[in-house]
Amino acid sequence: MRLAQELVAGQKHLATLPDLYYKLRQALADPEVRVSELARLIENDPSLTATLLQVANSAFYGFPRRIETVSRAISLIGLDQVGEIVLTATLAGAFHGIRPRRMDMDRFWRGSIRRALMCRQFARHLGAREAERAFVIGLLSDMGHLVMYHAVPDLMGIVLDMGQENLNELAEKERSIVGCDFAEVGAALCSSWHLPEHIGQVIGAQLDPLSAPEGLHEEAARLNLAISVTELLARGETVTAGISVLDEDAPELSGVDLALLPVLAEHCEAQLDSVLRSLGLS
């Protein structure tokens, strides 16, 4: 874990997020926060303002009338969804222009949004109250690779040239060649960003859900299952209840009804392009 922390610390431009993000996160955590207060904070950033209005007016929400003010967008979308949009837009802005050698950033963002949407689908399917947290965990789950390809491109090039069948094999080769894997680096990045501890813990355990602290096994298993589903979608393969999973314990631990996977995956795909366009990631 120490090496993962060192890799993150060495990337100064990735190791911190803008101050505005933390102010907004603090405001969103206040159950008595007023829409007008949030709107004023968001309006301090023209790029974030434009993104929020673009998302609000996208086909993803399909509101009948055009939304022209931030306060109206917040009222209609809801605080939880605004939190998702703020984080996603912040990450997209912070990493704008970063294109590590041999890393396909379009594919990276498409995969990250897919995971986020799939995790949220699982949370909603199970009636979980923390659907926003699930979205954030899915969104951040592959960020470790962004750091690794930027920090140690030559070593990651060796890993890539070795080839692998799945993420478990990839992580094993990363540990052998680099000294840590993308899940460890992702967890270290979350810690550097001062995100809630459980988010980094789930991301760190994404390939081995039972390695998560007690009480987080199910959430880590849902992330693991979401990754399995989105890997299939990325390859253009059909999602079925009998999909091959990264961790054999994940389906049972997750609590997700596997018979619903095709429907949940279809919902995810229906939203994907709209979300990517709204955030300027496609």
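As a basis for the values below, the full set of heavy atoms in this structure was taken, side chains included, without hydrogen atoms, waters or symmetry mates. Note that the coordinates shown come from a computational prediction; the quantities given were computed from them, not determined experimentally.
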Only counting residues at least two apart or in another chain, list the ones meeting salt bridge (charged side-chain N to carboxylate O under 4.0 Å, His left out) with [X].
X      : result
Arg115 : none
Asp19  : none
Asp80  : none
Arg133 : Glu219

Test of understanding: clusters of I, L, V, M, F, W, Y form through side-chain heavy atoms closer than 4.5 Å, transitively. Do [X] and [Y] belong to the same one?
X      : Y      : answer
Leu117 : Val256 : no
Met118 : Val202 : no
Met103 : Ile113 : yes
Val275 : Phe122 : no
Val82  : Phe63  : yes

Testing the basics here: between [X] and [Y], what is the closest heavy-atom pair and its distance to 0.1 Å?
X      : Y      : answer
Val245 : Glu248 : CG2-CA, 4.1 Å
Leu38  : Ala27  : CD2-CB, 3.7 Å
Trp193 : Tyr22  : O-OH, 2.8 Å
Arg124 : Ala131 : CG-CB, 4.1 Å
Ala39  : Ile74  : N-CD1, 3.8 Å
Ala56  : Ile77  : CB-CD1, 3.7 Å

Would you indicate whether Glu266, at its atom CD, is surrounded by more than 12 heavy atoms from other residues, nucleotides or ligands within a distance under 6.0 Å?
->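 No, CD of Glu266 has 12 or fewer neighbouring heavy atoms, counting only those of other groups under 6.0 Å.
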
Should we say atom CD of Glu169 is surrounded by more than 12 heavy atoms from elsewhere, each under 6.0 Å from it?
->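 Yes - once you tally the heavy atoms of other residues, nucleotides and ligands closer than 6.0 Å, there are more than 12.
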
Using a strict 4.0 Å threshold on nitrogen-to-oxygen distance, state whether Arg114 and Asp142 make a salt bridge.
-> no

Would you call Glu184 and Arg175 a salt bridge, taking side-chain N to carboxylate O under 4.0 Å as the test?
-> no

Would you say [X] and [Y] make side-chain contact, with heavy atoms under 4.5 Å?
X      : Y      : answer
Leu195 : Arg25  : yes
Arg277 : Asp273 : yes
Leu91  : Leu87  : yes
Thr238 : Ile243 : no
Ile199 : Ile203 : yes

Pairs meeting criterion salt bridge (Lys or Arg N to Asp or Glu O under 4.0 Å) with involvement of residues 54-72, two or more places apart |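 For residues 54-72: none.
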
Hey, does the side chain of [X] reach the backbone of [Y] with a donor-acceptor pair shorter than 3.5 angstrom?
X      : Y      : answer
Ser274 : Gln271 : no
Ser192 : Ala188 : no
Ser176 : Glu172 : no
Thr49  : Ile42  : yes
Ser112 : Trp109 : no
Lys173 : Asn168 : no

Would Asp257 and Leu126 count as a side-chain contact (heavy atoms from CB on, under 4.5 Å) if you check the C-alpha gap in whole Å, the side-chain angles of each, and the deciding distance to 0.1 Å?
-> CA-CA 9 Å; Asp257 183 350; Leu126 293 168; over 6 Å; no

Could you give the distance from [atom1] ([X]) to [atom2] ([Y]), rounded to the nearest 0.5 Å?
X      : Y      : atom1 : atom2 : answer
Glu174 : Phe182 : CD    : CZ    : 6.5 Å
Cys119 : Leu264 : SG    : CG    : 11.5 Å
Leu140 : Leu146 : CG    : CG    : 11.5 Å
Cys180 : Arg2   : SG    : CZ    : 13.0 Å
Leu261 : Cys268 : CG    : SG    : 11.5 Å
Gln81  : Leu76  : CD    : CG    : 12.0 Å

List the steps and the verdict of side chain to side chain donor-acceptor pair (under 3.5 Å) for Gln121 and His267.
-> CA-CA 8 Å; Gln121 288 287 347; His267 284 316; 5.1 Å; no

Residues Leu7, His150; criterion side-chain contact (heavy atoms from CB on, under 4.5 Å); working and verdict = CA-CA 9 Å; Leu7 288 180; His150 204 268; over 6 Å; no

Test side-chain contact (heavy atoms from CB on, under 4.5 Å) applied to Gln201 and His198, step by step | CA-CA 5 Å; Gln201 290 171 333; His198 57 262; 4.1 Å; yes

Passes side-chain contact (heavy atoms from CB on, under 4.5 Å), Val86 versus Thr51? Steps please.
-> CA-CA 9 Å; Val86 165; Thr51 297; over 6 Å; no

Do any side-chain atoms of residues 223-236 form donor-acceptor pairs under 3.5 angstrom with protein atoms, and if so which ones, sequence neighbours left out?
from: Asn224; atom 1: OD1; to: Asp247; atom 2: N; distance (Å): 3.3
from: Asn224; atom 1: ND2; to: Gln206; atom 2: O; distance (Å): 2.7
from: Ser228; atom 1: OG; to: Asn224; atom 2: O; distance (Å): 3.3
from: Ser228; atom 1: OG; to: Leu246; atom 2: N; distance (Å): 3.1
from: Thr230; atom 1: OG1; to: Ala226; atom 2: O; distance (Å): 3.0
from: Thr230; atom 1: OG1; to: Ile227; atom 2: O; distance (Å): 3.1
from: Arg235; atom 1: NE; to: Glu237; atom 2: OE2; distance (Å): 2.9

